[in-house]
Amino acid sequence: MKKKKCSLRMVAYEWRNLNGNFMSHFFGIVFPNLMCLLLSKTIGGQMPEDMRIQINTSIMLSMAMVMPMAIMLLGYGAIYSLEVENGIPLRMRLFGFPEPSLMTAKIAAHLILLTVSFVIFGAFQILVIGIQLPAASSLLCLLACLYLVGIILLVISHSIANICRRFSVTFGIEMSLYFVMMVLTGMMGIKTEQLPRILQRVAATLPMTYIGRDFADFWQGGSYNFMPLIQSFLFFGALAGIMLLLSWHMEGIGKR
């Protein structure tokens, strides 16, 4: 049977499938906006008026990382692990849909939702919270990082689901990873510098650490040393690639 390539119909199918899961919409759209609103009132409200907009901008950049983490890690993991448990990917492959084509369609659909989430998030921050308007280069850099983090997290989520092959185990692992990464990258109110040294080293391998901590410094323009961020992306991407290869290898063993 001829293998089918990724098509708009496949992306549309994944988009409909994605919108059937409220978790991605709540944690990827509602939750980061709600957290920004609460933190801007509690933390920003205690600051002098001339510093409040800077604090709100820093909070916004930190919470922006919640979107790819929620949509690509938790949301995707919940949907795909149920598919794996019910044998849907195997049946799709039997009908001529190879895994690379399926993954491409899933990534495209989730990137669309991530884009919608970011547009809503940006409008809410500007109109309701009040933040500094970014330089065009800084905004493009943030968007590129959001998409890249999202793709890497989706690959990690995909791999965990293929390895565990059960919704309950997959979701438990990914929920734990979600909260651990939020703590390590400073999204839970504890700065990375306040963590034990060994945890600081772990946090240094995560791109989200640099985005939430450093991007506020050049949000309105200026220079920035991107090398630590690039190194963290290389490590994070390599980890995702190793996990994907391992999941394919284990899946191949299971079929023999």
Side-chain angles (χ1 to χ4, degrees), residues 27-28 31-32 35-36 38-40 42-44 46-47 51 54-74 77 131-132 138 141-160 163-164 169-220 222-247:
F27 286 102
F31 182 70
M35 287 298 296
C36 282
L38 292 175
L39 291 174
S40 66
T42 55
I43 299 177
Q46 299 175 3
M47 298 295 173
M51 294 181 59
Q54 298 177 2
I55 297 298
N56 289 346
T57 302
S58 180
I59 292 171
M60 179 274 296
L61 288 169
S62 181
M63 287 298 106
M65 285 296 101
V66 173
M67 291 183 287
M69 290 170 60
I71 293 172
M72 307 298 215
L73 185 67
L74 289 184
I131 61 170
Q132 296 171 324
S138 300
C141 184
L142 176 63
L143 286 172
C145 290
L146 275 175
Y147 289 138
L148 191 53
V149 166
I151 292 172
I152 294 174
L153 287 174
L154 187 143
V155 173
I156 291 175
S157 181
H158 186 91
S159 305
I160 293 173
I163 292 172
C164 298
V169 178
T170 300
F171 191 72
I173 292 174
E174 293 180 352
M175 182 63 78
S176 300
L177 283 175
Y178 175 76
F179 282 110
V180 167
M181 286 191 294
M182 287 190 70
V183 172
L184 291 176
T185 56
M187 298 183 198
M188 300 293 285
I190 303 175
K191 293 183 178 180
T192 304
E193 294 77 11
Q194 297 175 319
L195 297 172
R197 187 171 297 274
I198 183 64
L199 294 182
Q200 291 184 33
R201 292 178 179 175
V202 176
T205 65
L206 301 174
M208 297 82 79
T209 300
Y210 303 97
I211 296 169
R213 185 187 65 192
D214 301 339
F215 272 37
D217 295 336
F218 75 102
W219 185 239
Q220 293 188 302
S223 60
Y224 176 68
N225 179 18
F226 284 93
M227 188 53 63
L229 176 64
I230 293 172
Q231 290 174 339
S232 68
F233 267 119
L234 291 175
F235 177 83
F236 207 39
L239 176 63
I242 292 171
M243 291 182 64
L244 183 62
L245 292 175
L246 177 62
S247 71

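Side chains are part of it too, since the values below use all heavy atoms of this structure and drop only hydrogens, waters and symmetry mates.
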Testing the basics here: between S62 and G186, what is the closest heavy-atom pair and its distance to 0.1 Å? OG-O, 4.1 Å
CG on L239 to OG1 on T205, rounded to 0.5 Å: 8.0 Å
Is there side-chain contact between M243 and V155, with heavy atoms separated by less than 4.5 Å? no
To the nearest 0.5 angstrom, please state how far the CG atom of L153 sits from the CG atom of L148. 9.5 Å
Check whether any side-chain heavy atom of M35 sits under 4.5 Å from a side-chain heavy atom of I59, and report yes or no. no
Looking only at heavy atoms, the pair that brings C145 and F215 closest together is SG-CZ, 3.9 Å
When every non-hydrogen atom of G77 is compared with those of E174, the smallest separation belongs to CA-OE1, 3.1 Å
Would you compute the distance between atom CE of M63 and atom CG of L39 and round it to the nearest 0.5 angstrom? 6.0 Å
Can you find a pair of side-chain heavy atoms, one from M187 and one from M69, that are under 4.5 Å apart? yes
Could you tell me whether the side chain of T185 reaches within less than 4.5 Å of the side chain of M65, counting heavy atoms only? no
Here the gap from S247 atom OG to I160 atom CD1, rounded to the nearest 0.5 Å, amounts to 10.0 Å
What's the separation between atom CG in L195 and atom CG in L184, rounded to the nearest 0.5 Å? 6.5 Å
How far apart are the closest heavy atoms of V149 and P207, and which atoms are they? CG2-CB, 4.1 Å
Can you give me the closest heavy-atom contact between G28 and I71, atom names plus distance? CA-CG1, 3.9 Å
Using side-chain contact (heavy atoms from CB on, under 4.5 Å), reason through Y210 and F233 one step at a time and then give a plain yes or no. CA-CA 10 Å; Y210 303 97; F233 267 119; over 6 Å; no
Kindly indicate whether the side chain of L73, heavy atoms from C-beta on, has any atom under 4.5 Å from the side chain of M181. yes
Would you say W219's side chain and T57's backbone share a donor-acceptor pair under 3.5 angstrom? no
Mind checking the OG-CD1 spacing from S40 to I131? Nearest 0.5 Å is all I need. 11.0 Å
So that I know where these two stand, are F226 and F218 an aromatic pair - ring centroids less than 6.0 Å apart? yes
Of all heavy-atom pairs linking S232 and A204, the shortest is CB-O, 3.8 Å
